[in-house]
Structure formats: C-alpha cells, structure tokens
Amino acid sequence: LEVIRLVLPAGKALPPHAAKGVITVQCLEGRITFATGERSVDLEAGQLLFLPAGVRHEVKSLEDASVLLTIRL
C-alpha cells in the first residue's frame, strides 16, 4: 500500500497517467477535477473516489487543494 498526500495550487494539473494498482482519491480540502477518458467528476473536501488499476486519468485543481491518494500495489 502506498499513501501519498498531494498539495495542488489552483490551476495545477497532473498530466494523464495510470496507476499499476487500485487507487482511492480523497479530497481533504479545496476542489479538484478528476477525469478519465469516459467521465469527469469534481471532488470537494470530504469526497472520495475509487478507480480500478490501469485506468488512464488526469487531475486538475480548481482551487488550492490537498488530496490523499492511496494505491494498492
């Protein structure tokens, strides 16, 4: 299990990528957009997202945000 805290300033984007394991993304503060090729969802503080392994996705911060990312390897 890998646990990462990401701090993203407003407007910061992570380019499209995929994780080798199942991931959860919990928005701790602020707001982000999490997008896959099929769908895009905005997450606010307290919301959680689950994504299967290998799904290509990208993240953009709509405002200053902090996110807790877990990857089950």
Side-chain angles (χ1 to χ4, degrees):
L1 184 69
E2 193 171 328
V3 179
I4 303 164
R5 181 174 176 241
L6 294 174
V7 176
L8 302 165
K12 175 73 175 177
L14 300 178
H17 60 281
K20 291 184 180 183
V22 172
I23 69 170
T24 61
V25 177
Q26 181 180 9
C27 187
L28 300 174
E29 54 190 349
R31 237 169 23 116
I32 63 168
T33 294
F34 192 95
T36 65
E38 303 170 0
R39 187 174 173 198
S40 177
V41 64
D42 290 349
L43 294 178
E44 298 179 345
Q47 293 182 310
L48 180 74
L49 177 131
F50 168 85
L51 193 67
V55 176
R56 195 164 172 79
H57 59 279
E58 58 186 306
V59 179
K60 182 176 181 183
S61 181
L62 301 173
E63 54 189 57
D64 291 345
S66 174
V67 225
L68 183 65
L69 168 67
T70 60
I71 306 170
R72 189 188 72 191
L73 303 171

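- Taking hydrophobic clusters as Ile, Leu, Val, Met, Phe, Trp and Tyr residues chained together by side-chain heavy-atom distances below 4.5 Å, L68 does not share a cluster with V41.
- Not a single donor-acceptor pair under 3.5 Å links the side chain of D64 to the backbone N or O of P9.
- Under the 4.5 Å side-chain contact rule for hydrophobic residues, L51 and V22 do not share a cluster.
- In the hydrophobic clustering of this structure, V55 groups with I32; members are Ile, Leu, Val, Met, Phe, Trp, Tyr whose side-chain heavy atoms approach within less than 4.5 Å, directly or through other members.
- Among pairs with a residue in residues 14-30, those fulfilling side chain to side chain donor-acceptor pair (under 3.5 Å) read H17-H57, T24-T70, at least two apart in sequence or across chains.
- Two different hydrophobic clusters hold L6 and L62 under the rule that ILVMFWY side chains link at heavy-atom gaps under 4.5 Å.
- Scanning for salt bridge (Lys or Arg N to Asp or Glu O under 4.0 Å) contacts around E63 gives R31, with sequence neighbours left out.
- Taking CG of L69 as the reference point, atom CG of L14 lies at 9.5 Å (rounded to 0.5 Å).
- Contact of the V67 side chain with the V59 side chain is not registered, since no non-hydrogen atoms from C-beta on lie closer than 4.5 Å.
- Side-chain contact between I4 and I71 is present, with heavy atoms from C-beta onward closer than 4.5 Å.
- Counting only residues at least two apart or in different chains, salt bridge (Lys or Arg N to Asp or Glu O under 4.0 Å) contacts with residues 43-52 are absent.
- Separating the OG atom in S61 from the CG atom in L43 is a distance of 11.0 Å, to the nearest 0.5 Å.
- To the nearest 0.5 angstrom, K60 atom NZ is 15.5 Å from F34 atom CZ.
- Here the CG atom belonging to L1 is positioned 7.5 Å from the CG atom belonging to L73, to the nearest 0.5 angstrom.
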